[in-house]
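When reading the values below, keep in mind they use all heavy atoms of this one structure, side chains included, and skip hydrogens, waters and symmetry mates. Each chain gets a letter, A, B and so on, in the order its sequence line appears, and its residues count up from 1.
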Number of protein chains: 2
Amino acid sequence: MSQPDIPPSPWGRPRKRPVPVRHPLTRDRIVDAAFTVLDREGYDGLSMRQVAAELDVAVSALYAHVSGKDELLELMYHRLFEGVELPAPDPARWQEQVKDYMRAGRARLREHRDMARISMSQVPFTAELLPHVEQLLAIIRSAGLPDRVAALAGDLLSVFMEGFTLEESIWQERYRDMDEESWNAMRSEIQEYFASLPPDRFPNLVAVAGLMADESNDYRFELGMEIIIRGLASYVGEK
Amino acid sequence: MSQPDIPPSPWGRPRKRPVPVRHPLTRDRIVDAAFTVLDREGYDGLSMRQVAAELDVAVSALYAHVSGKDELLELMYHRLFEGVELPAPDPARWQEQVKDYMRAGRARLREHRDMARISMSQVPFTAELLPHVEQLLAIIRSAGLPDRVAALAGDLLSVFMEGFTLEESIWQERYRDMDEESWNAMRSEIQEYFASLPPDRFPNLVAVAGLMADESNDYRFELGMEIIIRGLASYVGEK
DNA sequence: TCTCCTTCTGAACACTGTTCACGATAAAGT
DNA sequence: ACTTTATCGTGAACAGTGTTCAGAAGGAGA
């Protein structure tokens, strides 16, 4: 089961040695608690002290298992990728496979409040994540894209997925403590606002006002993917 | 012209004081100081106290002009858009116009350290920014894209621009305090690292290793824009 | 000169991430 | 069984954060 170790990336931050603990505090338990706090308090309320409190433990105890908050965030980010299945590349279905990869990513980001914010400040090039990068790259390269496009496509797709989900979650967070009623009021207010802009100065915004305040994020995400993939597909066969 | 300081005699009444408030605090001066601090200390070092110190003023003075740090960040974000020229849409050149818009955005983000991080957590839908959104939308709609695509295109393009620049700046920041030499060492190390991955498990990463560690960010940005625009262009005429 | 009013100050509050000398505790050695 | 030893967790402290608020300073108007 144990594969040969992937050498640690030179830019990754040095880890604390994984000391086998008999009992309680482990990195995993800390990460679990961190997610609990994140979901309850949001990103701005995610503090080492809150995590420690969640575990009924002194703050300083955390630092024996985790080098600091940065590493904790990194570990949370890694959680995102745990247990995702990586299908074998099927050149005939590369577009659908890419979309599935993106959909899965967005879904996982949405599982935890403010997760997109954490994800955005991480660079997915640590050793643990290489298999996923490799897999996406495999799917894209199997489609017959030129290497210079393939090398960028992963970034492009990830940036869209994370950025889109981040924007989604910012809106969501902004109206977090609003009841259904005032949220609907707000929505129609926004729509009215766009529609009521001076049409001579904002003709285009007014024209698409209905579409912009439309809340079908799923559709918008699908369309965004389709646009990018069409762009990628236009390079198939090029050198 | 300031006079040389005479130490106050301990028995005398406290003199009226050192910093004459020649011209008063304004939002603009505060934002200026914030940028100075940002460039010197980075995002994590951008604190209200540092900004106040930059202006030789007590922290609490800031709160008379700015509701809090959030608003300060928003004002900084608005600065980004000040003085950008908005060309009249020319349907024949829409692709180049979109690219120019993106290039300008990236350039402005790169003018200040960590600016991409600030930008990423802002949603460009405040009243001051509407003309810019309108303008980009005008260019896109002039190209003959269906409205549902046009309504998303602005988001898609912005997300790419900001996300790309953010990733750029994360790398840049990570190796901020490195001299030229150790940075080159690091670069070849990274390239070696990718090339030295077990080829049976990471055939695709190994294959494009050279391209990934390639540092021509400008080229990658151009290519990314081209991909998205090709995707958009594929919708021209569709309904 | 006296009052009003705006602008700025100083101190305080409740937090934050991180470090470190110190105890408790359980395993290992005798 | 008793002692040693090493590890894990504690509590307190440090230096910093955003924000608030009573009050002082200074100029304008009466």
Self-check item: Nearest-angstrom distance from the residue atom CG of A:L62 to P of D:dG9
Solution: 10 Å
Quiz item: In whole Å, what is the span from the CG atom of A:L72 to the P atom of C:dT16?
Solution: 14 Å
Exercise. Take the protein atom CD of A:Q50 and the nucleotide atom P of C:dT16, then report the distance between them rounded to whole Å.
Key: 6 Å
Quiz item: CG of A:L55 versus C1' of D:dC8: gap in Å, rounded?
Solution: 14 Å
Exercise. Could you tell me whether A:V59 contacts a base, only the sugar-phosphate backbone, or nothing, with contacts defined as non-hydrogen atoms closer than 4.0 Å?
Key: base
Quiz item: C:dA14 P sits how many Å from B:M48 CE, rounded?
Solution: 20 Å
Self-check item: Nucleotide D:dG16, atom C1' - distance to CG of B:L46 in whole Å
Solution: 14 Å
Practice problem: Determine yes or no for a side-chain-to-main-chain donor-acceptor pair under 3.5 angstrom, with B:E134 supplying the side chain and A:L205 the backbone. | Solution: yes
Quiz item: Below 3.5 Å, does any donor atom in the side chain of B:R49 face an acceptor in the base of D:dG16, or the other way round?
Solution: no
Exercise. In whole angstrom, give the distance that lies between atom OH of B:Y63 and atom P of D:dG23.
Key: 22 Å
Quiz item: Do the side-chain N or O atoms of B:H65 get closer than 4.0 angstrom to the phosphate oxygens (OP1, OP2) of C:dC8?
Solution: yes
Self-check item: Check: B:Q122 and B:E162 side chains under 4.5 Å, non-hydrogen atoms
Solution: no
Quiz item: Are the side chain of B:R113 and the backbone of B:L38 linked by a donor-acceptor contact shorter than 3.5 Å?
Solution: no
Quiz item: DNA chain C: B:A64 or A:S47, which has the more 5' nearest nucleotide?
Solution: B:A64
Quiz item: Under 4.0 Å: is that the gap between some side-chain N or O of B:S60 and OP1 or OP2 of C:dC8?
Solution: no
Self-check item: Atom-to-atom span, OH of B:Y43 to P of D:dT17 - whole angstrom
Solution: 14 Å
Quiz item: Ignoring hydrogens and geometry, is there a side-chain-to-backbone donor-acceptor pair from A:S119 to A:M115 under 3.5 Å?
Solution: no
